[in-house]
Every structure is written in structure tokens, then in C-alpha cells.
Amino acid sequence: MPVVNRIAGLASEMEGWRKHIHANPELGFECHETARFVVARLREFGVDEIHEGIAKTGIVAIVNGQGTGPTIGLRADMDALPMQEETGADYASDVPGRMHACGHDGHTSMLLGAAKYLAETRKFSGRVALIFQPAEEDGGGGGRMVEAGIMDRFDIAQVYALHNAPGLPEGAFMTTPGPIMAAVDTLHIHIKGVGGHAATPQETRDPIPAVIGMVTAIQNIITRNHNPLDDLVISITQIHTGSAENVVPETAYVNGTIRTYDPKVQDMVERRLHEIVKGQAAAYGVEAELIYERWYPATVNNAEKAAFAADIAREISGPDMVLWDQGREMGAEDFSFMLNARPGAFLFIGQGETAAVHQTTYDFNDRIAPIGASFFARLVETALPYEQHSRLAEEA
């Protein structure tokens, strides 16, 4: 079963939807115009219910099948990134400093394509809940939608999502049973010393040596406190201090990210960070505060649902185009909150040799949209089969 013919016929429409969303990127929970665009398309398709304003700008739309059965959730994210686009495309971002650098515009167009097909054909029993969420990149919109009760409110029994993957062959799929993406935490360190003239450092309490000491010690968590057989990434990504060559600054700020899978490793890192910040502050005579924020949990596929989704992917793209049980990576996803609430699976869909996500030259590959939409459609039709002959026999 290759790409569904009807969905292949929607390719130009999906590309048009995607380019419109791409040119009008919105950040975080402020996806107001994107949500309005999505709702307008869903109304055109004739879906049965549209519920707006969930987690501020999130949407859940319901498509009823032709018989009774459970509800499957299909999720797409809508938000962009605070980056300046450098693709040179004629549909490039119209908003300075914002761009769809992760392909959420493509994810939304794929789910809209599946929505149009499912609303037209309804060759399934039960219901489909189409979930369009804001704030995947920052803010945990998926978690906020779960907190808003969408799983119980819409009686969602299982849930699935796709994410494009540059570098994976165009139209290929990749997934794994169990953990697939890491938990992500954030550290903030605020350091306060005493500033002054760089010619008289003895009259200051310089925060810069303290920053250097802290960052060096933090890297030792990985090499000296951690079992190298367990997954752990600690990346210091921002250091801000100073304003002139002849001024010892008064304050400094350090920011970073922590990626883990094992909660025990997560607890160890948080404990050691507090010890390091306190000890280094005392050693250099400054004040320091650590703020440790636990953000997205690990994304963990249900093994049975992941195997089922991989079978659907093989139907669409062929057995040689599905990479199964490929292990896990240290990126993070707030679809994790939905998988914590219901069984399901997260899959990557290859978009070929393109710029990587979160790069200023990245652009979604529209050729994979019919493949992703077909995957969603066939997943529903296979999980919620509807036998027309059985219904006619019952009516007779």
C-alpha cells in the first residue's frame, strides 16, 4: 500500500498550506493566526467537532467514523523558532527574527491533509482526535494540553506523532520501542560579586573566575560522577558578564541544558550542581544561586504501539525504508507528556539530505507531506477497521 491516491492528489494543497504557515511564523503559545488558519481549513473539510483555545491556542478536532470504537489521537505542533531565516525562499518568513526552522509548518500540513482525507472517506470505526498544539519548542504545550484534560475529555485511547528528520532518506521512517528521546532540564546560575576598576582587582570580588571554576567543575560531573554506560549530556550554552576591558563586572549569568533518561542520573546531576555552585561561590567569595528547572520528561514509546506504527510505515514506504529499533537520541520532545498519559508512538520521517533542523537555512521538504499524511490515514483505518459488508448484513 503506497501513498494513498486521494492524499497524493492533495499534495499541492498541502504545500500551499505549509508555505502560508511558513511565511507567518508564531512563537510559543501565541499561535493565534496559525490556529485560525487551521480551524478555517478544518471547517472546510467538514470535521464533526472543533475545540479551540486549549492551552491558549491549541486545537482538538474530532472526525467520527462509520461505526463505534475507540478514539485515536494524532498530533502536530504549530510553533516556530526565534531565528532569522536565511533560506531565500519566496515564501520565507515575513516576521523578522522568527522562522519555521524545525518543520512544524510541515507537520501541521501533513495532519491537515490526513484530516481532509479522513473527513471525506470515514473508512474507519470510532473517532479520530486531531491535536494541533502550540509551544513544543519552549513552554511544553503538549504537557499543557494534557493538563487541560484532552485525554479524558475526548476519550483518547492511543496517540501518535511524526517529526521530520533531515539526513534520513526521503520518505523513510525511523522509530524504536521504549525510550526514543531524552528528558530535558535547564540550569540557570546567577552570580553576584563586587565590581570595580580592573586596575584595582583587590577591591573587587570578581565573578569571572567563579564562572570559570563552576563551568570546569560542571563538566567533571560527566567524567567523574557519572557511569559512562548511562546517557547524559550537560551543555553550557550561555555565559553573560562584563561590559568593558577596564571594568571588573559585578554579576554573571550561566545557562545550560541537561539531557538524561534515568531519573537517578537526573537527581544526581541536580544534587551535584547545587554542591558545585555553593562550593565555587565560597571559594571565590561571591554569592551564587542555582535555578534548576525540570522540563520535558523522556519520550517513551509503547513497544506494541511502536511496532504497529512501524508496520503501517512499511505499508506506505516499503520494508527497506523503515528503520526499526534504532536506539535513542538526546534531543527532547514534549510529545512525551502525551505518551505519559496514553500509549502510543513517536516516529521520525526522513526528508532527505537537507539543512538540519534549527539551522537558518532549514526548510521542510514538501515531497514527504503526502507520505506522512498517508501514514496517519492508514494508521487510523488499520487500527479502527470498518467492514462495510458487515454493516450491510446487519441492516438486512
Measure up the [X] and [Y] rings against each other and bin them: parallel (under 30°), tilted (30 to 60°), perpendicular (over 60°).
X    : Y    : answer
F375 : F173 : tilted
H163 : H104 : perpendicular
H22  : Y91  : perpendicular

Does [X] share a hydrophobic cluster with [Y], counting links as ILVMFWY side-chain heavy atoms below 4.5 Å and allowing steps through other members?
X    : Y    : result
V47  : V60  : no
Y261 : L232 : no
V322 : I316 : yes
V286 : L273 : yes
I234 : M181 : no

Does any non-hydrogen side-chain atom of [Y] lie less than 4.5 Å from one of [X]?
X    : Y    : value
S109 : I21  : no
H190 : I291 : yes
E49  : R127 : yes
K56  : E30  : yes
T354 : D363 : no

Run the side chain to side chain donor-acceptor pair (under 3.5 Å) test on E26 and H32 for me, step by step, so that the C-alpha distance in whole Å, both residues' side-chain angles and the decisive distance to 0.1 Å come before the verdict. CA-CA 8 Å; E26 296 178 294; H32 302 282; over 6 Å; no
Pair Y362 and F364, ring centroids less than 6.0 Å apart: no
Taking the six-membered ring for Trp, is the centroid-to-centroid distance between H20 and F37 below 6.0 Å? yes
Tightest non-hydrogen contact, residues G113 and L10, listed as O-CD1, 3.7 Å
Distance only, no hydrogens: is a donor on one side chain within 3.5 Å (strictly under) of an acceptor on the other, for E381 and Y117? yes
